[in-house]
A.B. asks: 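I have a structure I would like to understand better, so I am pasting it below and will then ask my questions one at a time.
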Amino acid sequence: MNIYTRTGDEGMTSLKGGRVPKDHLRVEAYGQLDELNAFVGVALTHAAEDSYAELREQLQNIQHELFDCGSDLAFAEDKLGKVTYKVTEELVLRLERWIDEHNAANVELRRFILPGGSALASALHVCRTVCRRAERHVVSLARSEEINPYAQQYVNRLSDYFFVAARRANGLLQVQDVEYARSAVVFSRKEKKE
(Lines give C-alpha, C1' and ligand atoms only; values in the text may rest on other atoms or scores of the structure.)
Protein backbone atom coordinates (compact mmCIF):
# COMPACT_ATOMS: atom_id res chain seq x y z
CA MET A 1 0.00 0.00 0.00
CA ASN A 2 1.33 3.41 -0.98
CA ILE A 3 0.95 5.91 1.88
CA TYR A 4 1.31 8.88 -0.43
CA THR A 5 -0.56 9.04 -3.71
CA ARG A 6 0.04 12.64 -4.80
CA THR A 7 -3.65 12.86 -5.76
CA GLY A 8 -4.23 15.52 -3.12
CA ASP A 9 -1.39 17.80 -4.11
CA GLU A 10 -3.81 20.25 -5.75
CA GLY A 11 -5.99 20.49 -2.64
CA MET A 12 -8.62 17.92 -3.62
CA THR A 13 -9.60 14.66 -1.91
CA SER A 14 -11.95 11.77 -2.57
CA LEU A 15 -15.31 11.10 -1.05
CA LYS A 16 -17.27 7.96 -1.80
CA GLY A 17 -18.53 8.86 -5.25
CA GLY A 18 -16.61 12.02 -6.12
CA ARG A 19 -13.83 14.49 -5.40
CA VAL A 20 -14.09 17.70 -3.39
CA PRO A 21 -11.75 20.38 -2.02
CA LYS A 22 -9.98 19.32 1.19
CA ASP A 23 -11.74 22.11 3.09
CA HIS A 24 -15.22 20.91 2.02
CA LEU A 25 -17.76 20.76 4.87
CA ARG A 26 -17.95 16.96 4.61
CA VAL A 27 -14.19 16.57 4.89
CA GLU A 28 -14.08 19.01 7.81
CA ALA A 29 -16.87 17.15 9.63
CA TYR A 30 -15.41 13.67 9.31
CA GLY A 31 -11.94 15.07 9.97
CA GLN A 32 -13.18 16.43 13.29
CA LEU A 33 -14.57 12.98 14.14
CA ASP A 34 -11.20 11.44 13.25
CA GLU A 35 -9.49 13.85 15.66
CA LEU A 36 -12.02 12.95 18.34
CA ASN A 37 -11.32 9.26 17.75
CA ALA A 38 -7.62 9.89 18.35
CA PHE A 39 -8.43 11.55 21.68
CA VAL A 40 -10.61 8.57 22.64
CA GLY A 41 -7.53 6.45 21.95
CA VAL A 42 -5.57 8.65 24.36
CA ALA A 43 -8.32 8.24 26.98
CA LEU A 44 -8.08 4.48 26.60
CA THR A 45 -4.40 4.60 27.57
CA HIS A 46 -5.58 5.88 30.98
CA ALA A 47 -8.25 3.17 31.39
CA ALA A 48 -6.07 0.20 32.38
CA GLU A 49 -7.43 -0.04 35.96
CA ASP A 50 -9.63 -3.09 36.57
CA SER A 51 -12.35 -0.78 37.86
CA TYR A 52 -12.45 0.84 34.41
CA ALA A 53 -13.28 -2.39 32.51
CA GLU A 54 -16.82 -1.28 31.58
CA LEU A 55 -15.67 2.19 30.48
CA ARG A 56 -12.82 0.65 28.51
CA GLU A 57 -15.20 -1.64 26.61
CA GLN A 58 -17.58 1.25 25.89
CA LEU A 59 -14.76 3.48 24.64
CA GLN A 60 -13.51 0.76 22.32
CA ASN A 61 -17.03 0.43 20.87
CA ILE A 62 -17.21 4.21 20.49
CA GLN A 63 -13.97 4.25 18.50
CA HIS A 64 -15.47 1.87 15.93
CA GLU A 65 -18.70 3.88 15.85
CA LEU A 66 -16.83 7.13 15.27
CA PHE A 67 -15.36 5.50 12.16
CA ASP A 68 -18.93 4.57 11.20
CA CYS A 69 -20.05 8.20 11.68
CA GLY A 70 -17.17 9.44 9.54
CA SER A 71 -18.00 6.88 6.87
CA ASP A 72 -21.63 8.00 6.86
CA LEU A 73 -20.52 11.60 6.29
CA ALA A 74 -18.07 10.73 3.51
CA PHE A 75 -20.54 10.23 0.66
CA ALA A 76 -20.50 12.63 -2.28
CA GLU A 77 -23.80 14.40 -2.93
CA ASP A 78 -24.63 12.35 -6.02
CA LYS A 79 -24.52 9.16 -3.88
CA LEU A 80 -26.98 10.42 -1.27
CA GLY A 81 -30.23 8.49 -1.20
CA LYS A 82 -28.46 5.45 -2.65
CA VAL A 83 -26.50 4.42 0.44
CA THR A 84 -27.04 2.32 3.53
CA TYR A 85 -25.81 4.16 6.58
CA LYS A 86 -23.94 2.45 9.41
CA VAL A 87 -25.07 4.61 12.34
CA THR A 88 -28.58 3.68 13.44
CA GLU A 89 -31.10 4.74 16.04
CA GLU A 90 -30.11 1.65 18.03
CA LEU A 91 -26.61 3.08 18.59
CA VAL A 92 -28.08 6.39 19.76
CA LEU A 93 -30.41 4.61 22.19
CA ARG A 94 -27.58 2.47 23.53
CA LEU A 95 -25.55 5.62 24.23
CA GLU A 96 -28.54 7.00 26.13
CA ARG A 97 -28.66 3.82 28.24
CA TRP A 98 -24.98 4.15 29.06
CA ILE A 99 -25.46 7.81 29.97
CA ASP A 100 -28.38 6.97 32.26
CA GLU A 101 -26.45 4.13 33.95
CA HIS A 102 -23.36 6.25 34.62
CA ASN A 103 -25.41 9.23 35.72
CA ALA A 104 -27.36 7.09 38.20
CA ALA A 105 -24.07 5.86 39.71
CA ASN A 106 -22.53 9.34 39.95
CA VAL A 107 -22.79 11.60 42.98
CA GLU A 108 -25.56 14.16 42.51
CA LEU A 109 -24.38 17.18 40.58
CA ARG A 110 -25.64 20.62 41.56
CA ARG A 111 -23.08 23.06 40.13
CA PHE A 112 -20.79 23.25 37.14
CA ILE A 113 -17.55 21.33 37.63
CA LEU A 114 -14.02 21.92 36.45
CA PRO A 115 -12.65 19.44 33.92
CA GLY A 116 -10.13 17.21 35.64
CA GLY A 117 -9.60 14.78 38.47
CA SER A 118 -8.16 11.42 37.50
CA ALA A 119 -6.12 10.98 34.33
CA LEU A 120 -9.00 9.14 32.61
CA ALA A 121 -11.56 11.76 33.64
CA SER A 122 -9.32 14.54 32.36
CA ALA A 123 -8.89 12.77 29.02
CA LEU A 124 -12.65 12.21 28.76
CA HIS A 125 -13.30 15.91 29.38
CA VAL A 126 -10.97 16.66 26.45
CA CYS A 127 -13.01 14.17 24.39
CA ARG A 128 -16.18 16.00 25.44
CA THR A 129 -14.95 19.38 24.23
CA VAL A 130 -13.52 17.99 20.98
CA CYS A 131 -16.83 16.18 20.45
CA ARG A 132 -18.76 19.45 20.84
CA ARG A 133 -16.52 21.07 18.22
CA ALA A 134 -17.03 18.12 15.89
CA GLU A 135 -20.77 18.38 16.42
CA ARG A 136 -20.73 22.04 15.38
CA HIS A 137 -19.13 21.01 12.08
CA VAL A 138 -21.63 18.19 11.58
CA VAL A 139 -24.48 20.66 12.21
CA SER A 140 -23.00 23.08 9.65
CA LEU A 141 -22.85 20.26 7.13
CA ALA A 142 -26.44 19.18 7.88
CA ARG A 143 -27.67 22.73 7.21
CA SER A 144 -26.27 22.67 3.69
CA GLU A 145 -26.36 19.00 2.62
CA GLU A 146 -28.22 15.82 3.41
CA ILE A 147 -26.61 13.61 6.07
CA ASN A 148 -27.56 10.59 8.13
CA PRO A 149 -29.63 12.18 10.94
CA TYR A 150 -28.63 9.39 13.34
CA ALA A 151 -24.96 10.29 12.89
CA GLN A 152 -25.76 13.83 14.06
CA GLN A 153 -27.81 12.51 17.00
CA TYR A 154 -25.04 10.08 17.92
CA VAL A 155 -22.41 12.84 18.08
CA ASN A 156 -24.76 14.99 20.16
CA ARG A 157 -25.32 12.19 22.70
CA LEU A 158 -21.65 11.31 22.68
CA SER A 159 -20.57 14.57 24.29
CA ASP A 160 -23.08 13.91 27.09
CA TYR A 161 -21.66 10.40 27.42
CA PHE A 162 -18.12 11.78 27.81
CA PHE A 163 -19.30 14.13 30.56
CA VAL A 164 -20.97 11.45 32.69
CA ALA A 165 -18.20 8.93 31.91
CA ALA A 166 -15.59 11.43 33.13
CA ARG A 167 -17.50 11.84 36.37
CA ARG A 168 -17.84 8.05 36.65
CA ALA A 169 -14.10 7.61 36.11
CA ASN A 170 -13.47 9.96 39.03
CA GLY A 171 -16.06 8.22 41.18
CA LEU A 172 -14.58 4.78 40.59
CA LEU A 173 -11.27 6.02 42.02
CA GLN A 174 -13.03 8.07 44.70
CA VAL A 175 -11.73 11.32 43.24
CA GLN A 176 -14.14 14.19 43.85
CA ASP A 177 -15.19 16.50 41.05
CA VAL A 178 -14.18 20.09 41.77
CA GLU A 179 -17.10 22.50 41.60
CA TYR A 180 -16.64 25.76 39.75
CA ALA A 181 -16.28 28.25 42.62
CA ARG A 182 -18.65 30.89 41.24
CA SER A 183 -21.32 28.53 39.92
CA ALA A 184 -24.89 28.90 41.02
CA VAL A 185 -26.95 25.77 41.62
CA VAL A 186 -27.81 24.83 38.03
CA PHE A 187 -28.64 21.11 38.18
CA SER A 188 -31.27 19.25 40.14
CA ARG A 189 -32.55 15.70 39.90
CA LYS A 190 -36.01 15.60 38.41
CA GLU A 191 -38.61 14.27 40.82
CA LYS A 192 -40.57 11.36 39.41
CA LYS A 193 -44.29 11.85 39.66
CA GLU A 194 -46.19 8.95 41.18
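Numbering of residues begins at 1 and proceeds along the displayed sequence.
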A.B. asks: Return yes if some donor-acceptor pair links the side-chain N/O of Asn37 with the main-chain N/O of Gln63 below 3.5 Å, else return no.
C.D. replies: yes
A.B. asks: Would you compute the distance between atom CG of Leu91 and atom CZ of Arg157 and round it to the nearest 0.5 angstrom?
C.D. replies: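 That separation rounds to 12.0 Å.
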A.B. asks: If the threshold is 4.0 Å, N to carboxylate O, is there a salt bridge linking Glu28 and Arg136?
C.D. replies: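 No, no charged N to carboxylate O under 4.0 Å.
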A.B. asks: Just how far is it from atom CG of Leu120 to atom CG of Asn170, taken to the nearest 0.5 Å?
C.D. replies: 8.5 Å
A.B. asks: Looking at Asn106 and Arg168, would you say the former's side chain and the latter's main chain have a donor-acceptor pair under 3.5 Å?
C.D. replies: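 Judged by distance alone, yes, a pair lies under 3.5 Å.
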A.B. asks: Once you round to the nearest 0.5 Å, how far does NE2 of His137 lie from CZ of Arg133?
C.D. replies: 6.5 Å
A.B. asks: So do the side chains of Leu173 and Tyr52 get within less than 4.5 Å of each other, counting heavy atoms only?
C.D. replies: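 Contact flag for Leu173/Tyr52 side chains = yes.
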A.B. asks: If only atom types and distance count, is the side chain of Ser183 paired as donor or acceptor with the main-chain N or O of Phe112 below 3.5 Å?
C.D. replies: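 Side chain of Ser183 to backbone of Phe112: a pair is present.
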A.B. asks: Within a radius of less than 6.0 Å around CZ of Arg110, do more than 12 heavy atoms belonging to other residues, nucleotides or ligands occur?
C.D. replies: no
A.B. asks: Would a single hydrophobic cluster contain both Phe67 and Tyr30, if residues Ile, Leu, Val, Met, Phe, Trp and Tyr are joined by side-chain heavy-atom contacts under 4.5 Å?
C.D. replies: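 Cluster IDs for Tyr30 and Phe67 differ.
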A.B. asks: Tell me the closest heavy-atom pair linking Arg111 and Ala184, and the distance in Å.
C.D. replies: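 Looking at all heavy atoms of both residues, the shortest contact is CG-O, 3.5 Å.
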A.B. asks: Is there a side chain to side chain contact (heavy atoms under 4.5 Å, CB included) between Asn103 and Trp98? Walk through the geometry before answering.
C.D. replies: CA-CA 8 Å; Asn103 203 38; Trp98 289 350; over 6 Å; no
A.B. asks: If you look at every heavy atom in Ser159 and Cys131, which pair is closest and at what distance?
C.D. replies: N-SG, 3.5 Å
A.B. asks: Could you go through the side chain to side chain contact (heavy atoms under 4.5 Å, CB included) check for Leu59 and Tyr161 one step at a time?
C.D. replies: CA-CA 10 Å; Leu59 292 172; Tyr161 168 85; 4.0 Å; yes
A.B. asks: Drop me the distance from Ile113's CD1 to Phe163's CZ, to the nearest 0.5 angstrom.
C.D. replies: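 One finds 4.0 Å between CD1 of Ile113 and CZ of Phe163.
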A.B. asks: Rounded at 0.5 Å granularity, tell me how far SG in Cys69 sits from CD in Gln153.
C.D. replies: 11.0 Å
A.B. asks: Check the pair Val92 / Asn156 against side chain to side chain contact (heavy atoms under 4.5 Å, CB included), numbers first and verdict last.
C.D. replies: CA-CA 9 Å; Val92 176; Asn156 181 43; over 6 Å; no
A.B. asks: Side-chain heavy atoms under 4.5 angstrom apart, residues restricted to Ile, Leu, Val, Met, Phe, Trp, Tyr: same cluster for Leu114 and Phe187?
C.D. replies: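 Linked, Leu114 and Phe187 end up in one cluster.
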A.B. asks: Between Val40 and Leu36, is there a side-chain heavy-atom distance shorter than 4.5 Å?
C.D. replies: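 Heavy-atom side-chain distance check passes, below 4.5 Å.
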A.B. asks: Is a donor on one side and an acceptor on the other found under 3.5 Å between the side chain of Ser122 and the backbone of Ser118?
C.D. replies: yes
A.B. asks: For Ala121 versus Gly116, what's the shortest heavy-atom pair and its separation?
C.D. replies: CB-O, 3.6 Å
A.B. asks: Is there side-chain contact between Leu73 and Ile147, with heavy atoms separated by less than 4.5 Å?
C.D. replies: yes
A.B. asks: Starting from Val126, can I reach Val178 by hopping between I/L/V/M/F/W/Y residues whose side chains sit under 4.5 Å apart?
C.D. replies: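 Linked within one cluster.
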A.B. asks: Is the shortest side-chain heavy-atom distance between Glu145 and Leu25 below 4.5 Å?
C.D. replies: no
A.B. asks: Distance only, no hydrogens: is a donor on one side chain within 3.5 Å (strictly under) of an acceptor on the other, for Arg56 and Asn61?
C.D. replies: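 No pair is found: no donor N or O on one side chain lies under 3.5 Å from an acceptor on the other.
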A.B. asks: Look only at the side chain of Arg167 and the backbone of Val107, and say whether a donor-acceptor pair between them is shorter than 3.5 Å.
C.D. replies: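 Checking the backbone N and O of Val107 against the side chain of Arg167, a donor-acceptor pair under 3.5 Å is found.
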A.B. asks: For the pair Asn148 (side chain) and Val87 (backbone), establish whether a donor and an acceptor sit closer than 3.5 Å, ignoring hydrogens and angles.
C.D. replies: yes
A.B. asks: Does a side-chain heavy-atom distance below 4.5 Å link Val186 with Tyr180?
C.D. replies: no
A.B. asks: Is it true that Leu33 and Val42 fall in one hydrophobic cluster, defined by side-chain heavy atoms closer than 4.5 Å?
C.D. replies: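 No.
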A.B. asks: From the options Val138, Asp72, Leu95, Thr88, select the one residue that forms a side-chain contact (heavy atoms from CB on, under 4.5 Å) with Tyr154.
C.D. replies: Leu95
A.B. asks: Ala43 and Leu124: which non-hydrogen atoms are nearest, and at how many Å?
C.D. replies: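 Answer, listing the atom of Ala43 first, then Leu124: CB-CD2, 4.1 Å.
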A.B. asks: Grab the two heavy atoms, one from Val175 and one from Gly117, that are nearest each other, plus how far apart they are.
C.D. replies: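 Minimum heavy-atom separation between Val175 and Gly117: CG1-CA, 3.8 Å.
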A.B. asks: Check Glu65 with Lys86, please: is the shortest side-chain N to carboxylate O separation under 4.0 Å?
C.D. replies: no
A.B. asks: Say whether, by atom type as modelled, one donor and one acceptor occur between the side chain of Glu135 and the main chain of Val155 under 3.5 angstrom.
C.D. replies: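 Side chain of Glu135 to backbone of Val155: no pair is present.
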A.B. asks: If you count the non-hydrogen atoms of other residues, nucleotides and ligands that lie under 6.0 Å from CD in Glu57, is the total more than 12?
C.D. replies: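 No - once you tally the heavy atoms of other residues, nucleotides and ligands closer than 6.0 Å, there are 12 at most.
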A.B. asks: Any side-chain donor-acceptor pair under 3.5 Å between His102 and Gln58?
C.D. replies: yes
A.B. asks: Assess the residue pair Leu66 and Leu158 against the criterion (side chain to side chain contact (heavy atoms under 4.5 Å, CB included)); give the C-alpha distance rounded to whole Å, side-chain angles, the decisive distance to 0.1 Å, and a yes or no.
C.D. replies: CA-CA 10 Å; Leu66 282 169; Leu158 190 55; 3.7 Å; yes
A.B. asks: Rounded to the nearest 0.5 Å, what separates atom OG in Ser71 from atom OH in Tyr85?
C.D. replies: 10.0 Å
